[in-house]
Amino acid sequence: MSFGEAFGKLVKKRRGVEGLTQEELAVKAFGEGSYKTRISELENGRVSNPQAKTVDPLIVALNISKEEMDDARNFGSHPRFIDNLIDFFEPKNGSKLYIEIAANKEGKVYLFHDGTLKVKLKRAEFFCEERELVLLSSEGRRRRCGVKLVDILTEQILKGLGVTLVLINPEDKNQTTEGITLPIKIVE
């Protein structure tokens with residue numbers, strides 16, 4: 001996904017929150033309704049790299065936060081899903097990385113793995129439409145966990161309680177070590 005597509009989705013979402021039509025937003029941001037077409041093109045993903053003279057007035061008009069813009073820019077430089085977690089974990093003994101996602105009755109979500117974490121993680125993100133859990137490194141790189149989540153896991157993740165990493169001992173699968181708990185961001 002390009003920055004323009006991510007920003008267009010953000011504009012459409014924020015415009016809906018503000019209760020504005022495309023023409024009303026055009027007037028609010030640019031002073032005239034003729035920019036309605038440009039807003040439509042942006043919202044429909046037809047502008048991959050919008051210029052600052054388009055972006056800046058929309059940020060102001062829609063009160064888009066710095067965090068929202070950072071997220072849109074991250075999508076621009078990092079596609080939603082890049083490869084998988086093999087870049088974030090070192091598999092034991094050169095084997096394949098084992099990943100499993102589970103939840104307990106209290107709603108706590110766990111990501112079981114049998115590899116050593118190679119990067120510092122910032123948070124987990126759940127993409128509702130794709131039903132994908134993605135980990136975000138502190139450097140802004142995203143890696144998908146590689147499994148579509150079933151309904152019960154989706155329900156637990158939407159509670160937003162976070163995701164706890166659990167290291168499984170490859171020699172004794174019953175021996176585990178609970179690691180960090182990552183905050184989770186829900187991406188609609």
(request) Mind running side-chain contact (heavy atoms from CB on, under 4.5 Å) on L133 and E125 for me, showing each step along the way? (result) CA-CA 6 Å; L133 186 65; E125 298 176 332; over 6 Å; no
(request) Applying side chain to side chain donor-acceptor pair (under 3.5 Å), run through T21 and E23 and close with a yes or a no. (result) CA-CA 5 Å; T21 65; E23 187 168 358; 5.7 Å; no
(message) What verdict does the salt bridge (charged side-chain N to carboxylate O under 4.0 Å, His left out) test give for K108 and E178, after you've listed the backbone C-alpha separation in whole Å, the side-chain angles of each residue and the deciding distance to 0.1 Å?
(response) CA-CA 13 Å; K108 197 168 182 183; E178 192 167 310; 3.5 Å; yes
(message) Assess the residue pair E18 and L62 against the criterion (side-chain contact (heavy atoms from CB on, under 4.5 Å)); give the C-alpha distance rounded to whole Å, side-chain angles, the decisive distance to 0.1 Å, and a yes or no.
(response) CA-CA 7 Å; E18 297 290 325; L62 293 171; 4.1 Å; yes
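Between V47 and F7, the closest side-chain pair of non-hydrogen atoms is not below 4.5 Å. Counting heavy atoms from C-beta on, the side chains of L10 and I64 come closer than 4.5 Å. In this structure the side chain of F30 never reaches within 4.5 angstrom of the side chain of R38, judged on heavy atoms. Side-chain contact between K36 and L25 is absent, with no heavy atoms from C-beta onward closer than 4.5 Å. Side-chain contact between L121 and L165 is present, with heavy atoms from C-beta onward closer than 4.5 Å. R142 places none of its side-chain heavy atoms less than 4.5 Å from the side chain of L135. Looking at T164 and L111, their side chains never come closer than 4.5 Å, going by heavy atoms from C-beta outward. Between E155 and K159, the closest side-chain pair of non-hydrogen atoms is not below 4.5 Å.
Ring pair H113/F89 is tilted by interplanar angle, where 30° to 60° counts as tilted.
Taking hydrophobic clusters as Ile, Leu, Val, Met, Phe, Trp and Tyr residues chained together by side-chain heavy-atom distances below 4.5 Å, V27 does not share a cluster with L20. A single hydrophobic cluster is not seen to contain both L161 and L158; linkage of ILVMFWY side chains at heavy-atom distances under 4.5 Å, directly or through other members, places them apart. In the hydrophobic cluster analysis, where Ile, Leu, Val, Met, Phe, Trp and Tyr join through side-chain heavy atoms closer than 4.5 angstrom, I184 is grouped together with I180.
Partner of F126 under the side chain to side chain contact (heavy atoms under 4.5 Å, CB included) criterion, chosen from V134, V109, V163, T154: T154.
Remark: I157 CD1 to I186 CD1 distance equals 7.0 Å, nearest 0.5 Å. Here the CD atom belonging to Q156 is positioned 11.5 Å from the CG atom belonging to L149, to the nearest 0.5 angstrom.
Nearest heavy atoms, S137 versus K122: O-CB, 3.9 Å. Taking each heavy atom of I39 and Q22 in turn, the nearest pair found is CD1-O, 3.7 Å. Residues F88 and R141 approach most closely at CZ-O, 3.3 Å, considering heavy atoms. The two atoms that bring I99 and C145 nearest to each other are CG2-O, 4.1 Å, heavy atoms only. Closest non-hydrogen pair, L42 versus G4, comes out as CD1-O, 4.0 Å.
No donor-acceptor distance shorter than 3.5 angstrom exists from the side chain of R123 to the backbone of L182, with no hydrogens or angles considered. With hydrogens and angles disregarded, a donor-acceptor distance shorter than 3.5 Å links the side chain of K28 to the backbone of A61.
Sorted by first and then second residue, the side-chain hydrogen bond (donor to acceptor under 3.5 Å, both in side chains) pairs involving residues 49-65 (not counting sequence neighbours) are S65-E68.
Hydrophobic cluster membership of V166, counting Ile, Leu, Val, Met, Phe, Trp and Tyr whose side-chain heavy atoms lie under 4.5 Å apart directly or via other members: Y98, Y110, F112, I168.
Judged as a side chain to side chain contact (heavy atoms under 4.5 Å, CB included), and not counting sequence neighbours, the contacts of V150 are I152, L153.
One finds a salt bridge joining R15 and E43 here, because a Lys/Arg side-chain nitrogen approaches an Asp/Glu carboxylate oxygen to under 4.0 Å.
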